[in-house]
Amino acid sequence: MNMMHVQPLRPPRKGAGEARLVREAETIADHATRALHAELMLTPKPGLVDRRNSGSHRDMDIHTFLASACAIAPWWPQFVEVGVRAADVAASEALPLVRPTGVLCEQAMLRATAGVNTHKGAVFALGLLCFGAGRLLAQGIDLTRERLCGEVADICTGIVARELDRARPAQTAGERAFRRHGLAGARGEAASGFATVRAVLPVYDRLRRDGVGDDLALLQVLLHLLAVNNDTNLVSRGGIEGLDYVRAYAVQLLAKGGVLAPNGVEKMAAFDDALIARHLSPGGSADLLGLTWFLAQFPASDACFPSIGAVCEEQPG
């Protein structure tokens, strides 16, 4: 998120609903913090920092991530508050209003990690969801997964064209992935209303209804994400070949039952070892896993998004 000049926001609404908004903001912020913790502690995660090892990273470990999560936790209610104050702004004009908060949150992260980027993607995505939640709450709209994702999609309309499809030479890994391979990364996911996450949420819901523990359910969801996500972190480290390797490996494991199969967790650990040997880290999928947990805390809508289509059907295992 880049700092830019914005118009002053209107003051928050006052009245009997103000206390409710404060309580809702605290709950949403708690969900965001717990989502980061759930993703971090989940083990084993292929190529990613967890309780088993530091994955394919040499500049960060679990303590770095814990420090980062603690540093950015106070900013989640700020995102919600900015959303409340921006409730009367058209969604298409709202993105510049939340960017300064994103910059300050990122700065807090970097101070806590001595400059290491641990949660930039999560700050972008969860910040947008918290901002969107604040806007919806101030408008008196109940929060559901569909409404939250739809609000973010409306806020991010045109972001890919504005920020990735530009004439100037590509300067970031995300811009290079878009120019070379057409992969829109975190911006594209937000503009789609987190379509990839919405596609795997039914898997998580079904597993939890069937009594599968949260860790196993999340590991299975992670495999589904790795099988379909165009993770630009993988492309940055290993090119399209690295992305294809990870996706094929995940598909192969899912075909045999994934982590729910006999020795499934051990096979996930072997997947971790394979990615570490190739210096591959699916950081984008890790962010989407945290978003999956976050959105799962809200009621599901009665209908799928049209953009997902058949993908909304529950996937096997």
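Side-chain polar atoms of R247 and N230 form a donor-acceptor pair below 3.5 angstrom. For the residue pair S285/N229, the side-chain donor-acceptor check at 3.5 Å is satisfied. A donor atom on one side chain and an acceptor atom on the other are not found under 3.5 Å apart for T33 and D30. Using a 3.5 Å distance cut-off with no hydrogens or angles, the side chains of S56 and H279 do not pair a donor with an acceptor.
Using a 4.5 Å cut-off between side-chain heavy atoms of Ile, Leu, Val, Met, Phe, Trp and Tyr, V116 falls into a hydrophobic cluster with L40, M41, V49, M60, I62, F65, L66.
Note on M268 and L48: separate hydrophobic clusters, where clusters join Ile, Leu, Val, Met, Phe, Trp and Tyr whose side-chain heavy atoms are under 4.5 Å apart, directly or indirectly.
Ion pair R52/D272 flagged as a salt bridge, since at least one NZ, NE, NH1 or NH2 atom sits closer than 4.0 Å to an Asp/Glu carboxylate oxygen. The existence of a salt bridge linking R237 and D231 is excluded, since no basic side-chain nitrogen approaches an acidic carboxylate oxygen closer than 4.0 Å.
A donor-acceptor distance shorter than 3.5 angstrom exists from the side chain of R147 to the backbone of D142, with no hydrogens or angles considered. Remark: side-chain polar atoms of T43 are paired, donor with acceptor, to backbone N or O of R51 under 3.5 angstrom.
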Does D205 form a salt bridge (charged side-chain N to carboxylate O under 4.0 Å, His left out) with R145? I'd like the steps, not just the answer.
CA-CA 13 Å; D205 290 339; R145 301 172 188 179; 2.7 Å; yes
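Heavy-atom neighbours of R180 CZ from other residues, nucleotides or ligands within 6.0 Å: at or below the threshold of 12.
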